[in-house]
Peer 1: 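One structure is given below, represented as structure tokens, and several questions about it will come after.
For clarity, every value in this text was computed on a predicted model and none was experimentally measured. Per chain, numbering begins at 1; letters A, B, ... match sequence-line order.
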Amino acid sequence: MKIDQLIYEAALKALNELYQFSPSKNQIQINNTRKDLSGDITLVVFPFVSVSKKSPEKTAEELGVFIKNEVEYIESFNVIKGFLNFEINNEYWLVNLKEAYEKSDYGTVPAGDNSKLVMIEYSSPNTNKPLHLGHIRNNLLGYSIAEIAKSNGNKVVKTNIVNDRGIHICKSMYAWLMWGNGKTPQNSGMKGDHLVGEFYVEFDKHYKEEIAKLVENGATKEEAEENAPSMLAARELLLKWEAKDAETVELWKTMNEWVYEGFDKTYKMLGVDFDKIYYESETYLIGKEEVLRGVSEGIFYQLEDNSVWADLTEEGLDKKLLLRKDGTSVYMTQDIGTAKMRYNDFSIDKMVYVVGNEQNYHFQVLAVLLDKLGFGWGKDLFHFSYGMVELPSGKMKSREGTVVDADDLIDDMIQVARDMSAELGKLESLTEEEAESTFRMIALGALKYFILKVDPRKNMMFNPHESIDFNGNTGPFIQYTYARIKSVLRKAEENNIKIINQLNNVVLSEKEKELLKNITLFPGIVKEAGDSYSPAIIANYCYDLVKEYNQFYHDHSILSEPDSDQKNFRLILSSTIAKIVKKGMNLLGIEMPERM
RNA sequence: GCCUCGGUAGCUCAGUUGGAUAGAGCAACUGCCUUCUAAGCAGUAGGUCAUGGGUUCGAAUCCCGUCCGGGGUACCA
């Protein structure tokens, strides 16, 4: 059992017997002791002075004597003001180290028959342009919380809803028809998503020119936007598509295929994947049916112009449009359809949507609407909301071309890893193939760690130059320390030094005890699958652990120590730290190179 | 206007259910390659935790006000 739990129970008993007091759970505060004071675990006694009717020091003293008697792992205690500091004996930390060293699934809970099924939606791209930095944050967060949910004993289905229909793709289609000259990924060598994105930009260029011309001839801005020839043509394509016009559907399919091929490459490079992909073109009609059912059951209402609305003023929200006056569906309608389809396909216990925080209101409304429509799971949906990625130059706006393209960014990072490595003379003993694979791991480690280490809820600043830094609190620093530990273990093996799975006569330094303590604090298990902090907590934990290890062991040569229990202990400690760090980083989707 | 999220070192970020003297990295400066791999280590300097009140033994953390910023706010997704 964990030491804080043991102390908690002893404290409960002590308060009961000494002061006839039964505290509530959060009245007993057990923390780690400040690093510069002696002791390991601290019980805060201020909340009990009113029941002990004694000074904080005296109360702490009495509780200390009692609790020390109860818990065998307590070596001693000291009192500073109202803080009761316990020193835990070495045996406890070593028992924990042994467990962490031996157990292959240390820090995780395997899924079993009673596991909950968690569906996690992430990525959810539009098919009219390539992925950019904002999508990268989404994909990394989605993949990471899926991994964390898995390691917490859940069954996980990763899903992606592809926004494959609508006016945006029609714009690219129209531009390709007009100015494409038959250009394809095959004949141009371009990645499919980039090619389609190019025509989306092309459309916008012509559209803006047409608006300018119309305004010059006396139209208002609104009229011009409505009546520009390009826009009219795109709308017509959308109508044709909805009417299942063969030629239009064929073009739509072809261009979407180009995009999917491109996306697949990017997903693969990022190391993310999906168990089930939904397409909006297959779900929006279901949503429409559900909304119309709502109208007939009196849950929603229809105006004279035929538009359909939900009145959510009782829930403290506004009125929400569900179908336009021309009967076409909106974003919300589609999400209702997608939700229904998913729950038909899987017995989902918990639904998590990884979507940006600009849609907080959308998901608040979606939860209420699903509930009103009689879906029991509606109000329990979890919106994993994350902040925007900002650039030093300002906001990313795809139409203004101020986006950081995902593929370009990854390529750049790999090139920097390559250059750095050559400069430092690293990886020269590896084959070219092995080295390339390592560069990829380092580059993606840097990118992923940079994004995941910050609290997902906050907007983050992405400075391309700083992100490529491999020093300090970065992925490569953690990978580097890992690789060094691996190197020690390899050398130990080469020199025929066997690690004995026993820990006797070990003398612990303060630093080593600190490391042991941290091993027991691995945060890989969280209470909620959708815990919005967890990737960042794990990232910062790995950094702290590795930094402490580096600081201590930099000046201590393990291998040149004489064979002894102490050497054996240090090898076990190093090996365990490597194992835990690897596990933590893998939960972030970061691979760990054996050498670098 | 209303709703909502945020403001911590020059910059990027940590900071556990309220706990003891607020922590890292980057940038700047100073040392260290005979060490397990210098993608490293050690050190110096850098703070009115936006601001004013409140709650209490104790507040960066909880409550209220103000200022600044992001996002949303009925026919974009």
Peer 1: Remember a base hit wins even if backbone is also touched, and classify A/D36 as base, sugar-phosphate or nothing at under 4.0 Å, heavy atoms.
Peer 2: base

Peer 1: Determine whether the aromatic ring of A/F46 stacks with the base of B/G58, defined as ring centroids separated by less than 5.5 Å and ring planes inclined by less than 30°.
Peer 2: no

Peer 1: Of A/I167 and A/E594, whose closest RNA chain B nucleotide lies nearer the 5' terminus?
Peer 2: A/E594

Peer 1: Indicate, with a heavy-atom threshold strictly under 4.0 Å, whether A/A483 touches base, sugar-phosphate, or nothing.
Peer 2: base

Peer 1: Would you check, one step at a time, whether the test ring pair (Phe, Tyr, Trp, His ring centres under 6.0 Å) holds for A/F48 with A/Y19?
Peer 2: CA-CA 9 Å; A/F48 315 126; A/Y19 313 124; 8.1 Å; no

Peer 1: Quick one: do A/Y331 and A/Q359 satisfy side-chain hydrogen bond (donor to acceptor under 3.5 Å, both in side chains)? Show the steps, please.
Peer 2: CA-CA 11 Å; A/Y331 180 36; A/Q359 290 182 35; 2.2 Å; yes

Peer 1: Using Watson-Crick or G-U wobble geometry with both distances below 3.5 Å, tell me the partner of B/G6, or none.
Peer 2: B/C68

Peer 1: What nucleic acid atoms does A/M460 come within less than 4.0 Å of, heavy atoms only: base, sugar-phosphate, or nothing?
Peer 2: sugar-phosphate

Peer 1: Would you say A/R457 places a side-chain N or O within less than 4.0 Å of OP1 or OP2 belonging to B/G70?
Peer 2: no

Peer 1: Which part of the nucleic acid, if any, lies within reach of A/I442 when heavy atoms closer than 4.0 Å are counted: base, sugar-phosphate only, or nothing?
Peer 2: base

Peer 1: To the nearest Å, give me how far apart NZ (A/K35) and C1' (B/A22) are.
Peer 2: 14 Å

Peer 1: Watson-Crick or G-U wobble partner for B/U55, using a 3.5 Å limit on both distances?
Peer 2: none

Peer 1: With syn defined as a glycosidic angle within 90° of 0 and anti as everything else, classify B/C33.
Peer 2: syn

Peer 1: When we call it a touch if two heavy atoms are under 4.0 Å apart, what does A/Q27 touch: a base, just sugar-phosphate, or nothing?
Peer 2: nothing

Peer 1: Of the candidate nucleotides B/G40, B/C75, B/U21, which contains the atom at the shortest distance from the side chain of A/Y480?
Peer 2: B/G40

Peer 1: Which whole number of Å gives the distance between the P atom of B/G65 and that of B/G19?
Peer 2: 24 Å

Peer 1: Describe, in one word, how the ring planes of A/H132 and A/H135 are oriented to each other, choosing from parallel (under 30°), tilted (30 to 60°) and perpendicular (over 60°).
Peer 2: tilted

Peer 1: In terms of the nearest nucleotide of RNA chain B, which residue is placed more toward the 5' end: A/I558 or A/S329?
Peer 2: A/I558

Peer 1: Centroid-to-centroid, A/F462 to A/F450, below 6.0 Å?
Peer 2: yes

Peer 1: So what does A/N85 touch, heavy atoms closer than 4.0 Å: a base, only the sugar-phosphate, or nothing?
Peer 2: base

Peer 1: Below the 4.0 Å mark, does B/A24 have OP1 or OP2 next to a side-chain nitrogen or oxygen of A/K453?
Peer 2: no

Peer 1: Remember a base hit wins even if backbone is also touched, and classify A/K491 as base, sugar-phosphate or nothing at under 4.0 Å, heavy atoms.
Peer 2: sugar-phosphate

Peer 1: Could you work out which one of B/A39, B/C76, B/G70 sits closest to the side chain of A/M388?
Peer 2: B/G70

Peer 1: Taking the cut-offs as 6.0 angstrom to the six-membered ring centre and 45 degrees off its axis, would you call A/R165 and A/Y279 a cation-pi pair?
Peer 2: no

Peer 1: Is the distance from the ring center of A/Y353 to that of A/F384 below 6.0 Å?
Peer 2: no

Peer 1: Is NZ or CZ of A/K129 both nearer than 6.0 Å to the six-membered ring centre of A/Y200 and within 45° of the ring axis?
Peer 2: yes

Peer 1: Looking at A/K372 and A/E315, is any side-chain nitrogen of the basic one under 4.0 Å from a carboxylate oxygen of the acidic one?
Peer 2: yes

Peer 1: Both distances below 3.5 Å, Watson-Crick or wobble geometry, any strand: find the nucleotide opposite B/G43.
Peer 2: B/C29

Peer 1: May I ask you to verify if any side-chain N or O of A/K81 is less than 4.0 angstrom from the OP1 or OP2 atom of B/G58?
Peer 2: no

Peer 1: Which one, B/A14, B/U35, B/A77, comes nearest to the side chain of A/V330?
Peer 2: B/A77

Peer 1: Across the strands shown, which category fits A/I478 at heavy-atom distances under 4.0 angstrom: base, sugar-phosphate, nothing?
Peer 2: nothing

Peer 1: With the side chain of A/N540 defined as its heavy atoms from C-beta on, choose the nearest nucleotide among B/A14, B/U73, B/U35.
Peer 2: B/A14

Peer 1: With distance as the sole criterion, do the side chain of A/N471 and the base of B/C26 form a donor-acceptor contact below 3.5 Å?
Peer 2: no

Peer 1: Taking any strand in view, what nucleotide pairs with B/U35 in a Watson-Crick or G-U wobble way, both distances under 3.5 Å?
Peer 2: none

Peer 1: Do the side-chain N or O atoms of A/S487 get closer than 4.0 angstrom to the phosphate oxygens (OP1, OP2) of B/U37?
Peer 2: yes

Peer 1: When the P atoms of B/A50 and B/U16 are compared, how many Å lie between them, rounded to an integer?
Peer 2: 15 Å

Peer 1: What nucleotide, of B/A20, B/G25, B/U12, holds the atom closest to the side chain of A/I80?
Peer 2: B/A20

Peer 1: Examine B/A24: is either OP1 or OP2 under 4.0 Å from a nitrogen or oxygen in the side chain of A/N473? Give yes or no.
Peer 2: no

Peer 1: If the P atom of B/U66 is compared with that of B/G1, how far apart are they to the nearest Å?
Peer 2: 11 Å

Peer 1: Taking OP1 and OP2 of B/G40, is either one under 4.0 Å from a side-chain nitrogen or oxygen of A/K547?
Peer 2: no

Peer 1: Using atom C1' in both nucleotides, what's the gap between B/A22 and B/C64 to the nearest angstrom?
Peer 2: 25 Å

Peer 1: When we call it a touch if two heavy atoms are under 4.0 Å apart, what does A/Y361 touch: a base, just sugar-phosphate, or nothing?
Peer 2: sugar-phosphate

Peer 1: Report the relative orientation of the aromatic rings in A/F203 and A/Y174; use parallel for angles under 30°, tilted for 30 to 60°, perpendicular for over 60°.
Peer 2: perpendicular

Peer 1: Select one nucleotide: of B/A39, B/A77, B/A42, the one nearest the side-chain heavy atoms of A/Q551.
Peer 2: B/A42

Peer 1: Using atom NE2 of A/H383 as one end and atom C1' of B/C5 as the other, report the distance to the nearest whole Å.
Peer 2: 12 Å

Peer 1: Under 4.0 Å, heavy atoms only, any strand: does A/N463 hit a base, just the sugar-phosphate, or nothing?
Peer 2: nothing

Peer 1: When the P atoms of B/G58 and B/G15 are considered, how many whole Å apart are they?
Peer 2: 26 Å

Peer 1: OP1 or OP2 of B/C75 sitting under 4.0 Å from any side-chain N/O of A/K325?
Peer 2: no

Peer 1: Rounded off to whole Å, could you give me the CZ-to-P distance for the A/F477 and B/G25 pair?
Peer 2: 9 Å

Peer 1: Give one of base, sugar-phosphate or nothing for A/Y386, where a contact means two heavy atoms less than 4.0 Å apart.
Peer 2: nothing

Peer 1: Report which part of the nucleic acid A/L37 touches: base, sugar-phosphate, or nothing (heavy-atom distance under 4.0 Å, all strands).
Peer 2: base

Peer 1: Identify whether any heavy atom of A/Q29 sits under 4.0 Å from a base atom; if not, whether one sits that close to sugar-phosphate; answer base, sugar-phosphate or nothing.
Peer 2: base

Peer 1: B/A20 base stacked by A/F83? Criteria: ring centres under 5.5 Å, plane angle under 30°.
Peer 2: yes

Peer 1: Measure up the A/F83 and A/F46 rings against each other and bin them: parallel (under 30°), tilted (30 to 60°), perpendicular (over 60°).
Peer 2: perpendicular

Peer 1: Under 4.0 angstrom, heavy atoms only, what part of the nucleic acid is A/T42 near: base, sugar-phosphate, or nothing?
Peer 2: base

Peer 1: Picking from B/A14, B/A77, B/G23, which would you name as closest to the side chain of A/V454?
Peer 2: B/A14

Peer 1: Considering only atom C1', compute the distance from B/C63 to B/U30 and round it to an integer number of Å.
Peer 2: 48 Å

Peer 1: For B/C41 versus B/A24, give the span between their C1' atoms, rounded off to a whole number of Å.
Peer 2: 16 Å

Peer 1: Between C1' on B/A20 and CG on A/L84, what's the gap in Å once rounded to a whole number?
Peer 2: 14 Å

Peer 1: Among B/A74, B/C75, B/U17, which is the nearest nucleotide to the side chain of A/K319?
Peer 2: B/A74

Peer 1: Taking only the side-chain nitrogens and oxygens of A/Q359, find out if one of them lies under 4.0 Å from OP1 or OP2 of B/A77.
Peer 2: no

Peer 1: Among B/A77, B/A39, B/G40, find the nucleotide with the atom closest to the side chain of A/Q334.
Peer 2: B/A77

Peer 1: With rounding to the closest Å, how many angstrom separate the C1' atoms on B/G6 and B/A42?
Peer 2: 37 Å

